[in-house]
Number of protein chains: 2
Amino acid sequence: MCTVLTMTNMRHRILACACDLYLRDGFKGFSMRKLARDVGVSAPALYRHFENREKVLIDVVGEAHDEMFRALSRALSGATPLERFEMAAEAYMDFALKHPRYFQMIHSFMQVMGMDEAPPELAHRACAIQQFWEDRVRECIDTDILRPDNTERIGLTLWAHAYGLLSLYSRGLLVIPEEDFREEFRTSHRRILFGLGKEAAGRIFGRTIHVGAEHDQAAETRQTMEPIR
Amino acid sequence: MCTVLTMTNMRHRILACACDLYLRDGFKGFSMRKLARDVGVSAPALYRHFENREKVLIDVVGEAHDEMFRALSRALSGATPLERFEMAAEAYMDFALKHPRYFQMIHSFMQVMGMDEAPPELAHRACAIQQFWEDRVRECIDTDILRPDNTERIGLTLWAHAYGLLSLYSRGLLVIPEEDFREEFRTSHRRILFGLGKEAAGRIFGRTIHVGAEHDQAAETRQTMEPIR
DNA sequence: GTCTATAATCCGATAGAC
DNA sequence: GTCTATCGGATTATAGAC
């Protein structure tokens, strides 16, 4: 009993140090020797708790995934489906910007490790993220904010966009200040949501509907006066 | 003269072998010793032409980038702006699916190499890709297929979505057959384009416009009386 | 320019004593 | 469970002969 407890604690201690080490030195700087030094034990001792270096890193990326999911989940405190959706996007962005190493690790782990397919621990977690976005879509459709459609696919469209944009920025490929990017991300996310939305969504976003507005002379005028940008 | 020519040829030969080696064995399996063996010279000879392993790989990922850009550029043979846009998306997808190692390398190189910022060679190429999408957007706006808007931002929205979706699939996170994915990608891309489009775009895509369809007085009233939550 | 030979590190992982 | 010691291998990079 006591042995098991010690084992578990030690494993957690190692994992905590491993996360710190990765966040500090990245993949390339992550070695079992350094980890042992940080934990305060010898290198071979680590192998009592983890089979090898890869298994340690799988657990680190698992932690990264879980922390991201917890951040997303906090968006569920929003009052309405739309608010929850917007808060989720904001939380996703926050996580990517505040924890770039974690965000990047989640999405480049396989390449770095030279894996051809995702280990189950990660595949399951990716499914949870996908499901999360799908749920956000479903409740927006249920409350008539989005047009009825295949929720899985719409969720995927929005997830892919959010991930793609954050990934590009996180790697420094978009040369704009962070505050400008944050606004651009929100706008881009809404742009898609808006394009998928029912008429009501437009008013909720405080914007004028343009698609199909050519049928409406008054709207035509509004569009001219209040162009989207 | 002759010396320079030999230098250049040798460098190209090494680079070609380096690309093959990476495509065969991936990042993890890429070593200078293997490369030397493939080229048919000794390991130290490589250092006459490349400063170190990282510089070789930077050139390999540069090749990957250029090949992707050439694939995209072939979409410019399309007859209309919209056709060129659709062909570009198709070409992007084709590249990602046919050359997954190249596609993944382009977007995970920095993490794998432990770089905090993109080397100029890659940053410039990323700008070219961004510009490419922006150009596709601009000509669609110019021909009244898309609503007038900031072309750079709309281009980014579409690029981010396409990249994100391809990245997720390329890593095996979406468990669907390739043919189904291809159709899903096209649909998802059009879904966004459609949401951004003028009424004409809907007809071109052979779909009915939904957004704004309720934009009549009755709908206006309904919305006021039954506020969306 | 290319070679052989080798230096100097660093790594993951294991053996065996305690 | 942890230690010391070590194996076996990888890496980048240089020195000096040809």
Side-chain angles (χ1 to χ4, degrees), chain A residues 1-61 105 109-115 119, chain B residues 1-22 24-61 105 108-115 119:
Chain A
M1 251 91 76
C2 188
T3 320
V4 172
L5 195 67
T6 308
M7 271 283 279
T8 308
N9 282 341
M10 191 58 184
R11 193 184 160 95
H12 283 142
R13 237 180 80 195
I14 293 173
L15 184 52
C17 287
C19 289
D20 290 345
L21 177 58
Y22 164 73
L23 289 174
R24 180 160 40 88
D25 295 355
F27 270 117
K28 207 176 155 186
F30 185 97
S31 77
M32 295 297 269
R33 288 163 130 89
K34 266 198 223 175
L35 177 56
R37 187 167 42 72
D38 290 352
V39 176
V41 298
S42 68
L46 300 178
Y47 292 88
R48 285 278 150 193
H49 306 275
F50 289 91
E51 191 183 328
N52 54 32
R53 178 177 180 265
E54 184 175 297
K55 293 291 167 61
V56 180
L57 282 169
I58 285 181
D59 274 19
V60 172
V61 69
M105 169 182 235
F109 184 72
M110 286 171 54
Q111 278 76 272
V112 174
M113 292 286 104
M115 297 169 165
Chain B
M1 254 90 74
C2 187
T3 322
V4 173
L5 195 69
T6 308
M7 269 284 278
T8 308
N9 282 340
M10 192 57 184
R11 193 183 160 94
H12 282 143
R13 237 181 77 195
I14 293 172
L15 184 53
C17 287
C19 289
D20 289 346
L21 177 58
Y22 164 73
R24 180 158 42 86
D25 295 355
F27 269 117
K28 208 176 155 186
F30 185 97
S31 80
M32 295 296 267
R33 289 164 131 85
K34 265 197 224 174
L35 177 56
R37 187 168 43 71
D38 290 353
V39 176
V41 298
S42 68
L46 299 177
Y47 291 87
R48 284 272 147 199
H49 306 274
F50 291 91
E51 193 183 326
N52 54 32
R53 177 176 181 265
E54 182 175 298
K55 293 292 166 61
V56 180
L57 283 170
I58 285 181
D59 274 19
V60 173
V61 69
M105 169 181 235
S108 64
F109 183 72
M110 288 171 54
Q111 280 75 270
V112 174
M113 291 288 104
M115 297 168 165

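Protein chains get the first letters and strands the later ones, always in sequence-line order, with residue 1 at the start of each.
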For this session: If a protein heavy atom is under 4.0 Å from the base, mark B; if only from the sugar-phosphate, S; if neither, -; do that for nucleotides 5-18 of chain C going 5' to 3'.
Result: B-----BBBBB---

Exercise. In whole angstrom, what separates Asp25(B)'s CG from dA10(D)'s P?
Worked result: 13 Å

Exercise. To the nearest Å, how far apart are Lys28(A) NZ and dT11(D) P?
Worked result: 13 Å

Exercise. Rounded to the nearest 0.5 Å, how far apart are NZ of Lys55(A) and CD1 of Ile58(A)?
Worked result: 6.5 Å

Could you give the side-chain donor-acceptor pairs of residues 29-40 of chain A under 3.5 Å, partners two or more places apart or in another chain?
from: Ser31(A); atom 1: OG; to: Lys34(A); atom 2: N; distance (Å): 3.1
from: Lys34(A); atom 1: NZ; to: Asp25(A); atom 2: OD2; distance (Å): 2.8
from: Lys34(A); atom 1: NZ; to: Gly29(A); atom 2: O; distance (Å): 2.9
from: Asp38(A); atom 1: OD2; to: Arg24(A); atom 2: NH2; distance (Å): 2.8

Exercise. Roughly how far apart are Ile14(A) CD1 and Asn9(A) CG, rounded to 0.5 Å?
Worked result: 11.0 Å

For this session: Could you please spell out the steps behind the side chain to side chain contact (heavy atoms under 4.5 Å, CB included) verdict for Glu54(A) and Met115(A)?
Result: CA-CA 11 Å; Glu54(A) 184 175 297; Met115(A) 297 169 165; 3.4 Å; yes

Seminar exercise, completed: To the nearest angstrom, the CZ-P distance between Phe50(B) and dT11(D) comes to 17 Å

For this session: Show your working on side chain to side chain contact (heavy atoms under 4.5 Å, CB included) between Met113(B) and Arg53(B) and close with a plain yes or no.
Result: CA-CA 10 Å; Met113(B) 291 288 104; Arg53(B) 177 176 181 265; 4.0 Å; yes

Problem set entry | Any Ser42(B) side-chain N or O less than 4.0 Å from OP1/OP2 of dC3(C) | yes

Exercise. Just how far is it from atom CG of Leu15(A) to atom CG of Asp20(A), taken to the nearest 0.5 Å?
Worked result: 10.0 Å

